[in-house]
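All values below were derived from every heavy atom in this structure, side-chain atoms included, with hydrogens, water molecules and symmetry-related copies excluded. Keep in mind it's a predicted model, so treat the numbers as computed, not measured. Numbers for residues simply follow the sequence, beginning at 1.
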Amino acid sequence: VFSSVTSVLNMSIFKDQFVLEDLIEEFKKKSTALSFGPLQSNGHISVQGSFPAIELLRDFLLLKAKSLSENDKREESRSHQRPKRRQQQHSLTTGTSNFIRDAGGEKQVVVLDTDIYHYMKYFFPRTFLVNDDVVISDITDGDITMVYIENAGSRSDAGQVLRVKEKIENQSMKLHNALRKERIYFKEHVRDEKRRYKWVCESLKPHYPSVLVIPYDTHIDVIGNSSEALEFTKDVSS
């Protein structure tokens, strides 16, 4: 269930420095396990594949973003002319600052499946437990949740941020290999049916302590190990 996800890349930040079509061809050569959609006029492109393959693509993007920042600094140091050009590059550097800081260790990002993220938050909250010197935030975009870890203390400790990132990655990989998601669709979008499903799920939870139930308007997601998720779904539907 978690073997494939879809994400949308915003390639517009690279358009001043690269021919986007050529850059995407470079992505395809380096990430043969990923499937790329067509490049949109606004610079967006959809990418589908496994989490490890998406993470490799992310690392490649980090290198590209870092190279843009270094080019920008060299250009600014050489000349204070062409103010319009400098303004464009400053905007680009600001837009990719998270990537630059990521490369330096002050800020790190972990790409997680949203369901795994919910499961971790519910059953393994200590994974995200940090001291006052580290701040964790997240941005969810459909099936993908970006977890940002950054240093917030007076003393910069990149190692501490990296340790938190490694802890989250290790836990997510364990769950990635163990979890399965089942989905129960509502037959009728009526309040009584949704209430009945909710009541059944609540009554079954004590018998399935390792199963996470996430209700939505049109369905219920059941997340757990393969056997428990399947058995829970059968019990709810019976």
Side-chain angles (χ1 to χ4, degrees), residues 1-13 27 31 33-37 43-62 64-65 95-103 105-131 134-152 160-184 210-226 229:
V1 168
F2 298 110
S3 61
S4 180
V5 296
T6 300
S7 184
V8 177
L9 301 179
N10 182 3
M11 303 297 298
S12 61
I13 62 171
F27 290 169
S31 308
L34 293 174
S35 176
F36 292 81
H44 290 188
I45 184 171
S46 63
V47 183
Q48 185 176 34
S50 66
F51 279 107
I54 287 179
E55 286 189 336
L56 287 175
L57 177 61
R58 180 203 65 187
D59 293 339
F60 182 62
L61 285 170
L62 292 179
K64 287 292 183 186
T96 61
S97 60
N98 286 353
F99 292 116
I100 307 334
R101 292 174 64 194
D102 177 277
E106 296 176 15
K107 184 170 186 175
Q108 295 288 332
V109 58
V110 182
V111 182
L112 297 177
D113 177 280
T114 297
D115 293 319
I116 289 181
Y117 175 67
H118 287 320
Y119 196 93
M120 288 173 66
K121 289 279 285 186
Y122 189 85
F123 287 107
F124 301 94
R126 291 182 63 85
T127 306
F128 302 96
L129 185 63
V130 294
N131 57 33
V134 177
V135 174
I136 294 181
S137 59
D138 62 83
I139 298 177
T140 296
D141 182 10
D143 294 334
I144 295 290
T145 293
M146 309 285 286
V147 179
Y148 296 92
I149 311 109
E150 59 185 310
N151 190 290
Q160 186 172 219
V161 172
L162 288 170
R163 286 191 293 272
V164 174
K165 178 193 177 191
E166 184 177 355
K167 180 172 65 173
I168 295 173
E169 287 180 330
N170 290 340
Q171 185 62 65
S172 68
M173 287 306 298
K174 291 178 183 178
L175 295 176
H176 176 80
N177 295 327
L179 293 181
R180 172 184 180 136
K181 179 169 73 175
E182 298 286 344
R183 180 163 288 178
I184 304 170
S210 299
V211 167
L212 177 65
V213 178
I214 306 179
Y216 294 95
D217 288 338
T218 59
H219 63 275
I220 295 173
D221 281 344
V222 180
I223 305 169
N225 68 51
S226 180

Rounded at 0.5 Å granularity, tell me how far [atom1] in [X] sits from [atom2] in [Y].
| X | Y | atom1 | atom2 | answer |
| --- | --- | --- | --- | --- |
| T218 | I184 | OG1 | CD1 | 12.5 Å |
| R183 | D221 | CZ | CG | 4.0 Å |
| I116 | K181 | CD1 | NZ | 10.0 Å |
| N170 | K165 | CG | NZ | 11.0 Å |
| E150 | S137 | CD | OG | 6.0 Å |
| S172 | K167 | OG | NZ | 13.0 Å |

[Y] side chain reached by [X] side chain, heavy atoms, under 4.5 Å:
| X | Y | result |
| --- | --- | --- |
| I136 | Y148 | no |
| L112 | I168 | yes |
| N131 | Q160 | yes |
| R180 | N225 | no |
| I220 | I214 | no |
| V222 | V211 | yes |
| H44 | L9 | no |
| V47 | V8 | no |

- Closest approach of V161 and N151, non-hydrogen atoms and distance?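 The answer is CG2-N, 3.6 Å.
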
- Taking atom types as modelled, find out whether T114 and T145 have a side-chain donor-acceptor pair closer than 3.5 angstrom.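 Side-chain D/A pair, T114 to T145: present.
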
- Excluding sequence neighbours, so at least two apart, what forms ring pair (Phe, Tyr, Trp, His ring centres under 6.0 Å) with Y117?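 With sequence neighbours excluded, Y117 shows a ring pair (Phe, Tyr, Trp, His ring centres under 6.0 Å) to F128, given in chain and number order.
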
- Message: So for atom OH, which belongs to Y122, do other residues, nucleotides or ligands contribute more than 12 heavy atoms lying within a distance under 6.0 Å?
- Response: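 No, the 6.0 Å shell around OH holds no more than 12 heavy atoms from other groups.
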
- Determine whether more than 12 heavy atoms belonging to other residues, nucleotides or ligands lie under 6.0 Å from atom CD of E166.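 Not more than 12 within 6.0 Å, no.
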
- Query: Do M120 and L175 pass the side-chain contact (heavy atoms from CB on, under 4.5 Å) test, and can you show the C-alpha distance, the side-chain angles, and the key distance before you say yes or no?
  - Reply: CA-CA 8 Å; M120 288 173 66; L175 295 176; 3.1 Å; yes

- Task: Under the side-chain contact (heavy atoms from CB on, under 4.5 Å) rule, collect the residues that match up with S210, sequence neighbours excluded.
- Result: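 Once residues adjacent in sequence are excluded, the partners of S210 under the side-chain contact (heavy atoms from CB on, under 4.5 Å) criterion are Y119, E228.
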
- Message: For a side-chain contact (heavy atoms from CB on, under 4.5 Å) check, start with the C-alpha distance between M146 and D138, then their side-chain angles and the critical distance, and finish with the verdict.
- Response: CA-CA 5 Å; M146 309 285 286; D138 62 83; over 6 Å; no

